[in-house]
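Notes for the one structure printed next.
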Number of protein chains: 2
Amino acid sequence: MTAPRPASPGDTLDRVETPALVVDLDALEANIAAMASRAKAGGMALRPHAKTHKSAEIAKLQLAAGAIGICAQKVSEAEALLGSGVKDVLISNHILGEAKLDRLCGIAKHVRVTTLTSDAAHVAMLSQAAARNGAEIEILIEIDAGDARMGLQNLNQVGPLAQAIDKAPGLRFRGLQAYTGPFQHIRDPEERADAALASAEIALEARDAILALGLSCETITGGGTGSFDYDLSEQAFTEIQPGSYVFMDMDYGRNEDGPSEVFRQSLFVLASVIRVPEKRVVYVDAGVKSLNLDSGMPGVHERTDLAFTKASDEQGRVEIATKGQAPKLGERLLLVPSHCDPTVNQFDWMVAVRNGRVEHVWPVDARGCVI
Amino acid sequence: MTAPRPASPGDTLDRVETPALVVDLDALEANIAAMASRAKAGGMALRPHAKTHKSAEIAKLQLAAGAIGICAQKVSEAEALLGSGVKDVLISNHILGEAKLDRLCGIAKHVRVTTLTSDAAHVAMLSQAAARNGAEIEILIEIDAGDARMGLQNLNQVGPLAQAIDKAPGLRFRGLQAYTGPFQHIRDPEERADAALASAEIALEARDAILALGLSCETITGGGTGSFDYDLSEQAFTEIQPGSYVFMDMDYGRNEDGPSEVFRQSLFVLASVIRVPEKRVVYVDAGVKSLNLDSGMPGVHERTDLAFTKASDEQGRVEIATKGQAPKLGERLLLVPSHCDPTVNQFDWMVAVRNGRVEHVWPVDARGCVI
């Protein structure tokens, strides 16, 4: 079911078949280096989230720049990224089901595998799977660090749960996850900083409850592209796990005083104008099957006179401002995804470009790996 | 890049790995039969749109039930569906670019291929490609049948454009496309009927302009799952091209007096509860990478006490009504996609189930085929 490759190495950008997922290699490399140096300067480990790029090649670049490992969000996603040579994988999700836990244990035989729980019944399932497979799985307790999602809300339960994990055969208690997804997108920088501080305080309170029981708490992981600067100053976490910084998107661009001042847009969907009707509008060959609209409409790169306003399955409507220049039939536009992660997941191939020429056509190795 | 198969034939539904795209075969077959018999009774040809299912196996079932061919929305999508044995493909889109037009001509050497235009400059590109490849491509003029999208708006230009196509080497003028996507989802049945009538009148006016020039107009294609009943009564089209009826979705379910009275929901995303926090909410293992939210949130099948309210990349939040029954950790829920087409396009595999048992695991052959 792999879709045809849209380009070959050596092609110029105008020969790439559209729509195509295009990555600007200079910007990608600069982003990887910038986050690595920020984390290093902050004295904190960097474990990039690979759910954003789903690419073993990009994971390799992150590891080469000093990342201690990667995060994945699903077991099959982690499996698909082992080709990167990664040795330490955090599956930052709650994994259930016998078959899936057996797969998880299969990975744990080759590399260090950590995953999350917030529930004693779930700890029993994890332990049974580890015992059944003769594997050791490391466990973080996911705490609710303020966003009221899947984490454990009652901090009084953290200590007893850590003890249960510590005693469970096949499991090793490793620490805490205190990630807050929605906080990454708080627009006002002061509010975002306050939210990061509050999360850090919750994480430290949970850590202290664990230490008080005589257990160790090796890892506290959290933070993302929107909060990493504050997370580095708080120094509550031992590692940060940002994902989107490699690519960036319209949504992160809306954060004021935000990550777009540190990272460059490296991800685009290259589209072609396929229809120029009578009025001040054109249609491109990219719609909701090439762009994910859960965070709004995509932008049009370096074209303030154009606005992408609507999409059907395979067509996008682009409106032209009063004094704007109407794109011609066949003209190509670089669209900036509104949400990078699910947009990448639409494509089988990522066209990596430098100076207008295709350098690599990378597979999106973990595309569709939802199980 | 193909994701792992979530099931094997013979598995019971509770063994399918989640999240998985699940098709109820009884409902699918009933939907295919119902549309085939409606079209037959209405004396109109049926050309189902394969962009909905992207599956050669489902196209085979539609052809066996009497469909005269299929629609595809992209060239690579059509290529991926040739395994169905289809002999007549309408690529219901405007195809540009030398490489893509060469591929189109490649298909035209094996099966009857028709595609759309609304523009004289585009006709020249199509003709050059046909001549270059020694192929014959059949052409429909896409007219604006009322929805102000890509179709030709000025009906005075229809005749001259038909003549230009008729004279262009390698092209054969076949007729008109008068499809109106947004009209399929008009909630009020009277308004929807009025819109269908207006489209039919525009199509007949365009046809008359062509006939007046001494050209023939073999085909008028249009109509979808929301309008087919009205299209069949108007008798302006020669064929209808509905897609979603095979699966149905939440969005079509919102049409009053609509297609959900004729067709059954056959498409689901099977998800597992992975977290039961303290409050009246659970989280499932399906988010925006398994469900497409461009038409709102998915439903929860046969559970009026549960509401899917929010999704992150790989997690979905399900809220429990005051007197509702809280799902347990590991419990499975069947989610009803809000928009079937882009949801199918997230998955590499379709698990076809009858009476709670897996009968087939079909590849989504044209998944990701956007070029």
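These numbers come from a predicted model, not from an experiment. Quick note on labels: first sequence line is chain A, next is B, and so on, each numbered from 1. Side chains are part of it too, since the values below use all heavy atoms of this structure and drop only hydrogens, waters and symmetry mates.
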Looking at [options], which one has more heavy-atom pairs under 4.5 Å with chain B than the rest?
options: A:S272, A:A121, A:A20, A:S118; result: A:S118
options: A:V273, A:L293, A:N292, A:V370; result: A:V370
options: A:H94, A:R15, A:E17; result: A:E17
options: A:M125, A:K74, A:E142, A:R317; result: A:K74
options: A:E314, A:M150, A:H122; result: A:M150
options: A:D294, A:V288, A:D119, A:T18; result: A:T18

Donor-acceptor pair, [X] side chain versus [Y] backbone, under 3.5 Å?
X: B:T115; Y: B:I91; value: yes
X: A:S84; Y: A:A56; value: no
X: B:S55; Y: B:V364; value: no

Against chain B, label [X] side chain, backbone, both or neither, depending on which of its atoms sit under 4.5 Å from a heavy atom there.
X: A:H339; result: side chain
X: A:D313; result: side chain
X: A:D144; result: neither
X: A:R103; result: side chain
X: A:P4; result: both
X: A:I95; result: neither

Inset, instruction - Quickly, which of B:R5, B:R367, B:K54 forms a salt bridge (Lys or Arg N to Asp or Glu O under 4.0 Å) with B:D348? Name it, please. - result: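 It is B:R367; the other options fail the test.
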Inset, instruction - Give me the ring orientation class for A:H53 and A:F247: parallel if the planes are under 30° apart, tilted from 30 to 60°, perpendicular past 60°. - result: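 Rings of A:H53 and A:F247: perpendicular, over 60°.
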Inset, instruction - Flag the one option from B:E77, B:Q73, B:E98, B:K100 with the top tally of heavy-atom pairs under 4.5 Å to chain A. - result: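 With the most close heavy-atom pairs to chain A, the winner is B:K100.
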Legend entry - Neighbour count >12 (heavy atoms, 6.0 Å) for atom CZ, A:R332: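 For A:R332, atom CZ is crowded (more than 12 foreign heavy atoms under 6.0 Å).
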Legend entry - Atom CD of B:Q153: over 12 foreign heavy atoms under 6.0 Å: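 Yes, because the 6.0 Å sphere around CD of B:Q153 holds more than 12 heavy atoms from other groups.
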Could you look at [X] and say if it's the side chain, the backbone, both or neither that has a heavy atom under 4.5 Å from chain A?
X: B:P277; answer: side chain
X: B:D341; answer: both
X: B:F347; answer: both
X: B:K289; answer: both

Inset, instruction - Determine, step by step, whether A:E319 and A:T309 satisfy the side chain to side chain donor-acceptor pair (under 3.5 Å) criterion, reporting the C-alpha distance in whole Å, the side-chain angles of both residues, the deciding distance to 0.1 Å, and the verdict. - result: CA-CA 7 Å; A:E319 298 187 19; A:T309 57; 3.0 Å; yes
Legend entry - Residues which pass ring-ring contact (aromatic ring centres under 6.0 Å, His included) with A:H185, listed by chain and number, not counting sequence neighbours: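 Partners of A:H185 by the ring-ring contact (aromatic ring centres under 6.0 Å, His included) criterion, ordered by chain and then number, come out as A:Y252.
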Legend entry - Over all atoms of both residues, closest heavy-atom pair of A:R149 and A:G181: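 What the structure gives for the nearest pair is NH2-N, 3.2 Å.
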Legend entry - Side chain to side chain, B:P6 and B:V351, heavy atoms closer than 4.5 Å: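 Yes; the side chains approach each other to less than 4.5 Å.
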